[in-house]
Visitor: 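A single structure is presented below for examination.
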Amino acid sequence: MDKIVVLDFGSQYSHLICRRIRDFSVYAELVPFSISFEELKNLNPKGIIFSGGPSSVYNPDAPIPDEKIFDLGLPLLGICYGHQLIVNKYGGKVKRANKEYGSSLLTIENDKDLLNGIGESVRAWMSHGDEAEEIPPGFKIIGHTESARAAAIASDEKPIFGIQFHPEVVHTEQGNEILKNFVLKVCKAKQDWTMAEFIKNEVEKISKIEGNVLCGVSGGIDSTVAALLIHKAIGNRLKCVFVNNGLLRQDEENEIEDIFKNNFKLNFSGVDASNNFLSKLKGVEDPEQKRKIVGEQFISVFTDFAEQNGPFKWLAQGTLYPDVIESGVSKGPASVIKSHHNVGGLPEWLDLEILEPLKELYKDEVREIAKILGVPEKLFMRHPFPGPGLAVRIIGEITPEKLKICKLASKIVEDELIEAKIYENVWQAYAAVGDDKAVGVVGDERKYGNIVMIRVVDSIDAMTADWTRLPHGLLEKMSNRITNEIENVTWVTYSISSKPPATIEPQ
Ligand code: XMP
């Protein structure tokens, strides 16, 4: 398989470069900028991209890649900080400039190679504090903006390019075309990254492992697909366990058991551990503490199950790439946003090796695999649901009353979206509840009840999200039903924060 390697210098957008390239069926992998020359060479890439990053090339502690990487003779594209690295390396000059954030007009001066076929000018997304003051000898300027003379440069002799803007973000017009030009025309990479191919390779890889595998399934698409892939490779050496942690959506535990037992030939067991989870969470308010407890409880249930049903050598999980990045255990220097319970932080006493066949994939890639593997529509179309479940949608302490409100209100939100035929078009939809209360008037009487927050978001990969502009009539219906049907709810609000700066879940 042809491959593009992206060296991560710490930009928030580094992973998006891979995302965009994979969208046109070329495999792209993010690696830390500090990767050794030998390791990089072993990956056998068709081309290399240097990502952006927060540093300045003239800082003494600036991240610098292994010098020998430049001698590989492979096509090279530097983006933002990566562009400045190239300028610096080949003898140009980088200077501190006025910070430039947002969209600028990029005028194309040379439409060969990298900027081929994208027109005379495009809006390009800038986010930088430094710029190239002098380009290196043997390079030419191929595009400029009003404030950056050398916004895009190319070597005269070698397939080396630098661009000050970010082609990977949607705000750069024709950004995909620029990446395509580099990957397909300059690197001549083949478009052979398909999910059918992924399944074939992964099944082959997994079939080589020894010992039995325990897979925790949540009923979500990720763990289901992970289980089906592993099952395809090792059959009944895989046992699946579904844990009811008491933090599931309304009636979810029964629905999942039904679906698994009726559709798949997997070894499946359900365990009701709701009392363990909820008693350990009693009195806990801090969100990260809640996540930690839920994670620990899962491991403890799995360990007990393993002791009774083992021996197992492996614990399989449906971890995806965005989970890995946001938990700060990715290979690059991105900062920790939330510690996803199913990534990292596994206790040392857990004597199982971890198998995560989907950890390089994005959600829509997993959906495609689910389709190929015949996952039923009902499960397939269900929105993603966080591993810690309602623990992250109940703000503050988890009490039986808040749990009940959260379940019932979320069910109303979901049912109304299904009824309005909007459910499948949105990324996630739920109701959250905290300790805030507000005065209402019910049957002429004052009532001091809970505030419920509805949150519905659009997203492609959960890395960014926008709040969904639902029709007012639909919001009204949800609000009426929530206050009428659920005891002790007096107010309903709608969350209008996007990610960033918010996150999808409130905790
Ligand atoms: P946030 O709230 O960080 O969520 O914007 C991004 C996506 O991840 C889901 N999520 C989780 N999934 N374990 C998971 O498996 C977790 O701990 C977790 N926390 C959030 C969230 O529902 C959204 O789709």
Side-chain angles (χ1 to χ4, degrees), residues 12 15-16 19 215-227 242-243 245 247-249 252 256 277 281 284 286-299 302 315-330 334-346 354 356-359 361-367 381-395 398 406 410 413-414 423 426-432 453-468 495 497-507:
Q12 296 285 354
H15 70 94
L16 269 182
R19 179 75 273 230
C215 182
V217 288
S218 65
I221 187 159
D222 310 340
S223 54
T224 307
V225 167
F242 168 73
V243 180
N245 58 7
L247 300 159
L248 303 171
R249 288 166 282 195
E252 191 164 12
I256 307 266
F277 279 80
L281 287 163
V284 181
D286 178 67
E288 281 294 289
Q289 191 62 19
K290 286 199 269 186
R291 281 172 179 271
K292 201 165 155 262
I293 292 171
V294 172
E296 283 165 2
Q297 282 308 296
F298 268 119
I299 297 297
F302 289 145
L315 177 69
Q317 297 185 324
T319 313
L320 300 193
Y321 193 43
D323 308 335
V324 177
I325 297 174
E326 292 210 337
S327 290
V329 289
S330 79
S335 65
V336 178
I337 313 287
K338 290 177 187 176
S339 50
H340 282 211
H341 80 93
N342 46 352
V343 182
L346 295 172
I354 301 295
E356 296 175 315
L358 312 177
K359 78 164 187 283
L361 301 185
Y362 292 93
K363 194 84 178 186
D364 53 340
E365 292 174 326
V366 175
R367 286 212 170 111
M381 291 326 294
R382 196 108 211 237
H383 289 161
F385 187 61
L390 302 182
V392 296
R393 294 185 178 171
I394 294 169
I395 300 164
I398 299 163
C406 190
S410 290
V413 170
E414 286 197 322
Y423 181 86
V426 301
W427 176 263
Q428 268 170 299
Y430 63 83
M453 175 188 76
I454 300 175
R455 180 135 171 91
V456 184
V457 296
D458 300 318
S459 176
I460 306 170
D461 53 18
M463 297 300 294
T464 58
D466 196 9
W467 59 280
T468 307
S495 165
S497 299
S498 293
K499 173 183 181 175
T503 51
I504 295 176
E505 307 290 352
Q507 297 237 302

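First listed ligand is number 1; within each ligand, the first listed atom is number 1.
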Visitor: Against heavy atoms of K499, which atoms of ligand 1 measure under 4.0 Å?
Guide: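 In order of number, 1 (P), 3 (O), 5 (O), 6 (C).
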
Visitor: Is there a side-chain contact between Q507 and I395 in this structure, where contact means two heavy atoms from C-beta onward sitting under 4.5 Å apart?
Guide: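 A side-chain contact exists here, since the closest heavy-atom pair is under 4.5 Å.
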
Visitor: Any side-chain heavy atom of I398 sitting closer than 4.5 Å to one from K290?
Guide: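 They are in side-chain contact.
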
Visitor: Provide the closest heavy-atom pair for Y362 versus L320 in the form atom of the first, atom of the second, distance.
Guide: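 Shortest heavy-atom contact: C-CD1, 4.4 Å.
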
Visitor: For ligand 1, which atoms sit closer than 4.0 Å to a heavy atom of T503?
Guide: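 Going through ligand 1 atom by atom, the ones under 4.0 Å from T503 are 1 (P), 2 (O), 5 (O).
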
Visitor: Number the atoms of ligand 1 from 1 as they appear, then name those within less than 4.0 Å of a heavy atom of R291, with their elements.
Guide: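 So the answer, numbered in order with elements, is 16 (C), 17 (O), 18 (C), 19 (N), 20 (C).
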
Visitor: Does an N or O from F385, backbone or side chain, lie closer than 3.5 Å to an N or O of ligand 1?
Guide: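 No - when backbone and side-chain N and O of F385 are compared with those of ligand 1, no distance drops under 3.5 Å.
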
Visitor: Tell me the nearest of E505, Q507, H383, K290 to atom 21 (C) of ligand 1, using heavy-atom distances.
Guide: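 Of the listed residues, E505 has the closest heavy atom.
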
Visitor: Mark up the atoms of ligand 1 that fall under 4.0 Å of a heavy atom belonging to W427, in ascending order.
Guide: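 This gives 24 (O) as the contact atoms.
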
Visitor: Under 4.0 Å between a Lys/Arg side-chain N and an Asp/Glu carboxylate O for E296 and K292?
Guide: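 A salt bridge links E296 with K292.
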
Visitor: Taking the side chain as everything from C-beta on, heavy atoms only, tell me whether P384 gets closer than 4.5 Å to W427.
Guide: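 A side-chain contact under 4.5 Å exists here.
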
